[in-house]
2 protein chains.
Amino acid sequence: MSVTIYDVAREANVSMATVSRVVNGNQNVKPATRKKVLECIERLGYRPNAVARGLASKKTTTVGVIVPDISKSYYAELSRGIADIATMYEYNIILSNSDKRPIREVELLEDHLGKQVDGIIFMSDSLTDEIKKEMGTANVPIVLAGTLDANTNLPTVNIDHEQAAYEAVKKLIDNGHKRIAHVAGPMSRDINKFCKKVGYERALQEAGIPLREEYFIETDNTYDDAYDKWKKLASLDEMPTSIFAGNDEIAVGIMNGIRDDGYSIPDDFEVICFQHTLLSRVVRPQLTTIVVPLYDLGAVSMRLLTKLMNGEEVDDTNVVLPYRMEERQSTK
Amino acid sequence: MSVTIYDVAREANVSMATVSRVVNGNQNVKPATRKKVLECIERLGYRPNAVARGLASKKTTTVGVIVPDISKSYYAELSRGIADIATMYEYNIILSNSDKRPIREVELLEDHLGKQVDGIIFMSDSLTDEIKKEMGTANVPIVLAGTLDANTNLPTVNIDHEQAAYEAVKKLIDNGHKRIAHVAGPMSRDINKFCKKVGYERALQEAGIPLREEYFIETDNTYDDAYDKWKKLASLDEMPTSIFAGNDEIAVGIMNGIRDDGYSIPDDFEVICFQHTLLSRVVRPQLTTIVVPLYDLGAVSMRLLTKLMNGEEVDDTNVVLPYRMEERQSTK
DNA sequence: TTGAAAGCGCTAACAT
DNA sequence: ATGTTAGCGCTTTCAA
């Protein structure tokens, strides 16, 4: 079949061990032998079998990435950050979509572990007890990226969503608004429920503005749903004068609703949101946003994972990355 | 360390062969034995080692996916199609970004082959001789997804971009336009150079409209570049009256340029483009587009690959998928 | 229906 | 600096 290390050894009149040393860049090889071996490798078209290597060395230089849906640009961007750092440290990535389904998440974890990945980066809306239990059986490090970790002590990488939401709403308050709606993503996502919403409420309370149930709208995170939900807000006796949206896709849905009703932004309504995609910059008016460093979340997660896989001591395994606000045209 | 097939065998008082049969669903096992083995597997928390299995069976149930940039929604969407079919056939995916760099593409192919993937799905702008040569050394099937294949006979999955471009431009012509610009993606991408541009030219020629050099604009496929390039068109003595854009991101750049110059769409300019993202639907006016079935391109590629990996006879390895035009507000 | 045994292609002591 | 020799954990004949 295909050429093995043994074929190369025979061809070069050395042992497999020597070929192995050459392939792995071990210095204990006489330059002349190295040259000879390299020539045979080239001539025979030898390509080391990583599976055999993995079995023998118990390391696959592969990490698992479990993501809700790679077709969402949020995760696509994050994954690119993961991939670049993985490449830098010579790891491959096995990428799987969970669609946030707990059963599937457990299956995938099991599956990746069976494939002997050296580590895993996990993303989800919320961690079930089952998945936590499954993670407990893993013998390789796991890092949660952009995923809240309630009462486990798994390594995580995040931004301070609560504070970011607070600042976003604070900006609206500072601009004089008292009627501020929050059009959120699904509450099944912990970050929405325990961070963004909480930050929104904290800002209002701090300003002495009472919370109004009718100003809180939950969406399924899609443009279309957000567009529809605008009607709810529009039908209120007392409409809000500004909107804090969970992300830019939601914000654009709301914006188009506002616009189609003949109102204008930022004159009639001010809008602010978390920025996940290009959308924020290309719609008109451009959206004022909290810029989420998605690429960095991925990159830092992977970097953290490499340390963990190396058995390095990590002082703080709960990394919090900075974010920034970008003021554009949807606020004054 | 971790529990192996041998541990299970001992615990269940059977041979490894029997455990292997149970794990692999082989029918030649007495139900009682199967039950006993299954219990031990459960009790010991045995998890089959896919690396060992891969070495022994010479199949890894893993396919390689080499993509220019997963953070682009074009490829993210396509990859999701690949992933879903892969899951259906119980394959894992190793996903790598090439950034379209030929050297990197060759490295990645080599790398994936070394990992003993059972097949590869490859995406790129253009195939260099080196990559074709490298592909020749592969002992597993390779499918090109959304990637033009000049004079090789690799399996491919595509839509008829030339015809689609022709129809898009034809629509503009039918709407009475004679001054039609083509704002294209980079010509380094074969599909742009040999399909979309050619379809544009064919439509014009067929209508007896002479090609004008100044109406052909190349961009780097980004919103920002397209936005800048609008100025070129705007500065012409005789501006075009309609634009055929390579994709929606380019189209939105052009649209915003048009709009910022105080013109209106579709009254002053009509715009049509290929649809790669959500953008087409959420901008106002919504864009008339050629809808590219990205998910299906991925799914069909993976389905084709499974057949090839199974050694099935495939009558036609150059699949051409249908597309459709969606008329929205950027044309009359 | 079950077991024994020979690899799969490599790494990693241990020798020399 | 190089070779010898066990495995790594599984699948897969071949026997029984």
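Note that the coordinates shown come from a computational prediction; the quantities given were computed from them, not determined experimentally.
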Applying a 4.0 Å non-hydrogen cut-off, can you work out what [X] is touching in the nucleic acid: base, sugar-phosphate, or nothing?
X       : answer
A/Val23 : nothing
B/Asp7  : nothing
B/Val14 : sugar-phosphate

Any [X] side-chain N or O less than 4.0 Å from OP1/OP2 of [N]:
X       : N      : value
A/Ser20 : C/dC10 : no
B/Tyr6  : C/dA4  : no
B/Ser15 : C/dG3  : yes
A/Asn49 : C/dC10 : no
A/Ser57 : C/dA12 : no
A/Asn24 : C/dT11 : yes
A/Lys59 : C/dT11 : no
B/Lys58 : C/dG7  : no

Protein-nucleotide distance ([X], atom [atom1]; [N], atom [atom2]), rounded to Å:
X        : N      : atom1 : atom2 : value
A/Leu55  : D/dG7  : CG    : C1'   : 9 Å
A/Arg21  : C/dA13 : CZ    : P     : 12 Å
B/Lys115 : C/dG9  : NZ    : P     : 18 Å
B/Lys36  : C/dT1  : NZ    : P     : 15 Å
B/Arg34  : C/dT1  : CZ    : P     : 10 Å
A/Asn26  : C/dA12 : CG    : C1'   : 11 Å
B/Asn28  : C/dG3  : CG    : C1'   : 13 Å
A/Arg10  : D/dT2  : CZ    : P     : 20 Å

Item to complete: Could you tell me whether a side-chain N or O of B/Asn26 sits under 3.5 Å from a main-chain N or O of B/Asn28, the two making a donor and an acceptor?
Response: yes
Worksheet item: Is A/Glu107 salt-bridged to A/Arg104, cutoff N-O under 4.0 Å?
Response: yes
Worksheet item: Should A/Leu305 and A/Pro141 count as side-chain neighbours, where that means a heavy-atom distance under 4.5 Å?
Response: yes
Looking only at side chains, do [X] and [Y] share a donor and an acceptor under 3.5 Å apart?
X        : Y        : result
A/Asn97  : A/Tyr75  : no
A/Ser188 : A/Lys100 : no
A/Asn92  : A/Thr62  : no

Worksheet item: If each of B/Thr33 and B/Met16 is mapped to the nucleotide of DNA chain C with the nearest heavy atom, which maps nearer the 5' terminus, i.e. the 5' end?
Response: B/Thr33
Discussion item. As a test of reading the structure: which of D/dC10, C/dT11, C/dC8 is closest to the side chain of A/Ile5, going by heavy atoms?
Written reply: C/dT11
Worksheet item: Side chain of B/Arg53: nearest nucleotide among D/dC10, D/dC8, D/dT2?
Response: D/dC10
